[in-house]
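Ligands are counted one by one from 1 in listed order, and the atoms in each one are counted from 1 as well.
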Amino acid sequence: MHFSTALISAFTATLVAAHPGANVEHEAQERRDYLATAKRTSLDHCSAQLQARGLGKAAALRRRAVTEKKAKRGVVAQRDLADLNKSHHSDADYDATTPLDTLFSKEKSCVLAPETTEGPYYVAGEFIRQNVVEKEQGVPLTLDLAIYDVETCEPIPDTWVQIWSCNSTGIYSGVPSGADYTPAPENLKTTFLRGFQQTDASGAAQFETLYPGHYSGRTQHVHVAVHPEATPRANQTILEATVSHVGQLYFDQDLSNQVEKLAPYSTNPQPVTDNDKDELLLVDLETTDPIVEYVMLGDQVEDGVLAWFSFGVNMTATREAEVAATYYEGGGVATPEEE
Ligand SMILES: *[C@@H]1O[C@H](CO)[C@@H](O)[C@H](O)[C@H]1NC(C)=O
Ligand SMILES: *[C@@H]1O[C@H](CO)[C@@H](O)[C@H](O)[C@H]1NC(C)=O
Ligand SMILES: *[C@@H]1O[C@H](CO)[C@@H](O)[C@H](O)[C@H]1NC(C)=O
Ligand SMILES: CC(=O)N[C@H]1CO[C@H](CO)[C@@H](O)[C@@H]1O
């Protein structure tokens with residue numbers, strides 16, 4: 001670990017302990033610094049090439065397959081476009097009568113940033129698996145992610161994509177931290193809502209997870225990291241912490257409001273932060289739109305949600321993630337705060 005990174009970790013850890021909000025401000029500043037110098041913040045420049053190669057069609061078929069398998073009572077609603085209109089105005093042509101395939105081929109994209117922090121909850125050694133739910137309760141969420149090379153606009157096959165998010169009451173697995181950033185060493189034993197998938201020939205990977213809950217200072221979000229150098233181990237775990245980009249995905253406020261009305265989300269005593277108060281989301285919204293496209297897989301949100309998003313990745317820019325803990329057989333081990 002570089003001296004400067006160690007210093008930042010120690011600094012961040014102190015801030016988390018002293019004042020949870022300060023950590024978010026620190027991350028927001030890193031994200032702002034990255035976006036200020038980034039050559040690209042979205043994949044918009046790739047859209048003609050992606051369509052010409054039929055990748056939009058492939059994505060639409062993938063999403064339709066999930067809907068056909070899972071949709072209850074054949075009812076599919078679509079994303080509400082009313083909130084945070086600054087970034088969503090280009091979607092104005094879509095309404096409840098838009099054919100599904102048109103909706104499914106709508107790509108929402110942004111660039112995962114090498115300088116963004118992975119936040120204080122990155123865990124190494126997690127499992128390769130499509131379904132990361134384990135015994136957690138909440139609204140089923142199918143996440144369809146596609147990864148493209150930001151330089152060539154080509155899909156990136158056979159690379160490892162990792163997601164992690166908190167459970168319906170706002171707790172992350174695998175880290176010694178509980179509600180409102182209080183110490184919770186017993187959480188090191190847990191692995192829920194974390195996992196890796198390898199991308200297919202279209203650069204796509206799907207996860208079965210749950211709609212994330214909220215925790216102090218943050219709106220609902222899912223973390224995504226891409227690991228170009230990862231090697232799977234015999235026990236279907238990945239230790240590699242070299243990341244070519246990390247980022248976070250967000251949800252429409254209207255959808256989160258519906259989810260939060262349901263138990264167990266509604267039992268979470270941590271304060272709610274809406275999208276328009278989340279500092280990290282607001283920074284991203286200055287240049288891009290990291291809110292997922294989605295359909296509801298039924299007429300009630302509890303029937304589940306299919307959400308999708310495309311990322312641009314710069315495969316030549318890699319770095320080491322700050323590992324909060326490493327999961328081993330039988331339990332996790334937290335990274336000591338100073339090195
Ligand atoms: C979320 O995870 C924590 C830690 O494992 C657990 O105590 C809590 O019950 C979980 N929430 C739900 C709704 O199961
Ligand atoms: C990709 O990363 C390399 C190495 O850090 C950098 O030189 C290049 O400008 C980046 N490309 C884009 C499109 O940001
Ligand atoms: C997976 O294998 C590695 C290497 O043998 C080991 O250190 C680790 O504890 C194993 N993890 C799990 C979850 O079994
Ligand atoms: C309802 C709503 O959020 N309206 C906003 C749409 O965007 C403009 C420009 O940013 C805002 O001024 C409105 O308040």
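- Nearest heavy atom pair, residue Glu302 against residue Val139, reads CA-CG2, 4.3 Å.
- Listed by atom number, the atoms of ligand 1 under 4.0 Å from Thr169 heavy atoms are 1 (C), 8 (C), 10 (C), 11 (N), 12 (C), 13 (C).
- The closest protein non-hydrogen atom to atom 7 (O) of ligand 3 is Tyr328 CD2, 3.9 Å.
- Protein heavy atom at the shortest distance from atom 2 (O) of ligand 3 is Asn235 ND2, 2.3 Å.
- Inclusion of Asn167 in the set of residues having an N or O under 3.5 Å from an N or O of ligand 1 is warranted.
- Residue Tyr327 approaches ligand 3 through these ligand atoms, each under 4.0 Å from one of its heavy atoms: 13 (C).
- Listed by number with element, the atoms of ligand 1 under 4.0 angstrom from any heavy atom of Asn187 are 4 (C), 5 (O).
- Note that atom 9 (O) of ligand 1 has no protein non-hydrogen atoms nearby, at separations under 4.0 angstrom.
- Counting heavy atoms under 4.0 Å from ligand 3, residue Glu329 touches it through both backbone and side chain.
- In terms of heavy atoms, Tyr215 sits closest to Cys166 at CD2-SG, 3.8 Å.
- Note that OH of Tyr327 and OG1 of Thr191 are 5.0 Å apart. Values are rounded to the nearest 0.5 Å.
- With no hydrogens or angles considered, a side-chain donor-acceptor pair links Glu320 and Thr242 at under 3.5 Å.
- Taking distance alone, with nitrogen or oxygen atoms compared against 3.5 Å, Ser168 stays at or beyond that limit from ligand 1.
- Heavy-atom proximity to Pro264, at under 4.0 Å, picks out these atoms of ligand 1: 13 (C).
- There is no protein heavy atom closer than 4.0 angstrom to atom 5 (O) of ligand 3.
- Within ligand 3, counting atoms from 1 as listed, the ones closer than 4.0 Å to a heavy atom of Phe127 are 13 (C).
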Next item on the list: Using the ring pair (Phe, Tyr, Trp, His ring centres under 6.0 Å) rule, take Tyr121 and His223 through it: C-alpha gap first, then chi angles, then the decisive distance, then the call.
Entry: CA-CA 9 Å; Tyr121 301 121; His223 298 261; 7.4 Å; no
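- Of all protein heavy atoms, the one closest to atom 14 (O) of ligand 1 is Glu136 OE1, 3.7 Å.
- Atoms of ligand 2 lying under 4.0 Å from at least one heavy atom of Glu151, given by number and element, are 1 (C), 8 (C), 10 (C), 11 (N), 12 (C), 13 (C).
- The minimum heavy-atom distance linking Asn187 with Gly178 is given by the pair ND2-CA, 4.1 Å.
- Shown in contact with Thr316 at under 4.0 Å from a heavy atom are these atoms of ligand 2, numbered in order with element: 1 (C), 2 (O), 3 (C), 4 (C).
- Taking a 4.0 Å cut-off on heavy atoms, Gln137 fails to register as neighbouring ligand 1.
- No side-chain N or O of Gln137 forms a donor-acceptor pair with one of Ser168 less than 3.5 Å apart.
- For the residue pair Gln198 and Asp158, the shortest heavy atom distance occurs at NE2-O, 3.4 Å.
- For the side chain to side chain contact (heavy atoms under 4.5 Å, CB included) with Val272, the qualifying choice from Arg218, Lys277, His214 is His214, the only one to do so.
- Atom-to-atom distance recorded for Tyr122:OH and Tyr172:OH is 14.0 Å, nearest 0.5 angstrom.
- Asn235 and Thr237 form a side-chain donor-acceptor contact under 3.5 Å, judged by distance and modelled atom types alone.
- Listed by number with element, the atoms of ligand 2 under 4.0 Å from a non-hydrogen atom of Asn314 are 1 (C), 2 (O), 3 (C), 8 (C), 10 (C), 11 (N), 12 (C), 14 (O).
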